[in-house]
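To start, the structure itself, in structure tokens.
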Amino acid sequence: MTLTEVLERSIIRAGLTETSAGDLNTARIYANSVIQDIASRATWWWLFKEGTITTVASTRAYALATDVLTPLSFRDTSNNQTLSIKSSDDMDAIDPDQSETNDPQWVVLTGANATTGAPQVDLHPTPSTSLDTIKYRYFKYIPEWTTANDSQDLFTIHGIPILLHQALYNGIAALIQVEMGDDSGAGINRSEMERIIRQALAVNGRMSGNGRTRMTRQRDNAFKFDFTIREGSLT
């Protein structure tokens, strides 16, 4: 379904027949609220993405993709190694003036990019070569929908499974009905939204196939230690 189709369906379910620009604008505002609610319910498979950083020699700061909500992992595919996500305290402790250069081993979140607002990271050590590829996996968020998104298919463009389209227009309809004072109708649509979300959560839980994950016991790491080779220490 396109966003327009979802908005129109929600207006009809709310008991209205008119689909004026005003109605669509109201429904779109509520659509943004409902999709953020749904997205926050679980670690949905359809919110995982991958991005790429291309290094520039002597440049340590890089902006991630604008839809990054939570970075998950980084790997240097050019040098076939993973990069640890560390804190700025770790970086300051080992290299206070951030002068070390080499193939990056760490990634440090430093805040928001001043131009795009996206998360910005430092690579440590500062890359000594250009055109190395750093790939990163992340958990995305869905930016606010505007009229520019109305004709977009919610599955092919935004990755939202078709099953959840129904939950979306039920949730929008419920919010419209609350605004109209129809609490009974809102309750019916909200209940239907929750039913569909429960089904989607069950499907989401099966996305790992037959795999089963066991949490690591603390004692497994009891005798491990962290060690980093300092620049120049082997010369």
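The first residue in the sequence is number 1, and the count goes up from there.
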Nearest atoms (heavy-atom pairs only) where [X] meets [Y]:
X      : Y      : answer
Asn79  : Asp76  : ND2-OD2, 2.7 Å
Leu175 : Ser33  : CD1-OG, 4.3 Å
Thr116 : Thr66  : CB-CG2, 4.0 Å
Asn149 : Glu144 : OD1-O, 4.0 Å
Phe48  : Thr43  : CZ-CG2, 3.3 Å
Ile196 : Leu163 : CG2-O, 3.1 Å

Can a donor-acceptor pair be found between the side chains of [X] and [Y] at a distance below 3.5 Å?
X      : Y      : value
Gln166 : Glu192 : yes
Glu179 : Tyr30  : yes
Asn170 : Arg190 : no
Gln98  : Asp122 : no
Asp97  : Ser99  : yes

**Q.** same_hphob_cluster(Ile197, Val203) at 4.5 Å side-chain heavy-atom cutoff
**A.**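 As far as the 4.5 Å side-chain criterion goes, Val203 and Ile197 are not connected within one cluster.
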Q) Is there a chain of hydrophobic side chains (I, L, V, M, F, W, Y, each step under 4.5 Å between heavy atoms) that links Leu72 to Leu69? A)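 Cluster IDs for Leu72 and Leu69 match.
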Q: Step by step, work out the ring-ring contact (aromatic ring centres under 6.0 Å, His included) result for Trp46 and His158.
A: CA-CA 9 Å; Trp46 45 275; His158 298 283; over 10 Å; no
I'd like to check [X] versus [Y] (side-chain heavy atoms, cut-off strictly below 4.5 Å). Are they in contact?
X      : Y      : answer
Arg13  : Asn189 : yes
Ile176 : Leu16  : yes
Ile160 : Ile142 : yes
Ser84  : Gln105 : no
Asp103 : Gln81  : yes
Val34  : Met193 : yes
Glu8   : Tyr169 : no
Ile38  : Leu164 : yes

Out of curiosity, [X] [atom1] to [Y] [atom2], how far, rounded to the nearest 0.5 Å?
X      : Y      : atom1 : atom2 : result
Ile162 : Phe155 : CD1   : CZ    : 5.5 Å
Arg9   : Thr19  : CZ    : OG1   : 12.0 Å
Lys86  : Ile94  : NZ    : CD1   : 8.5 Å
Thr126 : Arg60  : OG1   : CZ    : 3.5 Å
Trp106 : Ser88  : CH2   : OG    : 11.0 Å
Gln36  : Arg41  : CD    : CZ    : 12.5 Å

Under 3.5 Å: donor-acceptor pair, side chain of [X], backbone of [Y]:
X      : Y      : result
Glu5   : Thr2   : yes
Thr54  : Leu131 : no
Thr55  : Thr129 : yes
Thr77  : Thr133 : yes
Thr110 : Gln120 : yes
Ser191 : Ile188 : no
Ser10  : Ile172 : no

Q. Should the heavy atoms of other residues, nucleotides or ligands under 6.0 Å from CZ of Phe139 be counted, would the total exceed 12?
A. yes
Q: Could you give me the CA-CA distance, side-chain angles and deciding distance for Thr26 and Asp23, then say whether side chain to side chain donor-acceptor pair (under 3.5 Å) is met?
A: CA-CA 5 Å; Thr26 297; Asp23 291 331; 5.7 Å; no
Q | Worked check of side chain to side chain contact (heavy atoms under 4.5 Å, CB included) between Glu100 and His124 | A | CA-CA 8 Å; Glu100 294 186 14; His124 178 80; 4.0 Å; yes
Q) Could you walk me through whether Trp145 and Leu154 pass the side chain to side chain contact (heavy atoms under 4.5 Å, CB included) check? A) CA-CA 11 Å; Trp145 288 325; Leu154 295 181; 3.9 Å; yes
Q. Is any NZ, NE, NH1 or NH2 atom of the basic residue among Arg28 and Asp150 found under 4.0 Å from an Asp or Glu carboxylate oxygen of the other?
A.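 Answer for the salt bridge query: yes.
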Q: Would you mind checking if Arg75 and Glu50 are paired as a salt bridge, meaning a charged N to carboxylate O distance below 4.0 Å?
A: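 Answer for the salt bridge query: yes.
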Q.
Set out, in order, the CA-CA distance, both residues' side-chain angles and the distance that settles side chain to side chain contact (heavy atoms under 4.5 Å, CB included) for Gln152 and Leu3, then state yes or no.
A. CA-CA 6 Å; Gln152 295 177 346; Leu3 178 57; 5.9 Å; no
Q) With a cutoff of under 4.5 Å between side-chain heavy atoms, which Ile, Leu, Val, Met, Phe, Trp and Tyr residues group with Ile134? A) Ile53, Val56, Tyr62, Leu64, Val68, Phe74, Leu83, Ile85, Val107, Leu109, Val121, Leu123, Tyr136, Tyr138
(Q) Using the side chain to side chain donor-acceptor pair (under 3.5 Å) criterion, which residues pair with Ser130? Sequence neighbours excluded. (A) none
Q: Evaluate the side chain to side chain contact (heavy atoms under 4.5 Å, CB included) criterion for residues Ile35 and Leu168: first the C-alpha distance (whole Å), next the side-chain angles of each, then the deciding distance (0.1 Å), finally the verdict.
A: CA-CA 7 Å; Ile35 192 58; Leu168 187 56; 4.2 Å; yes
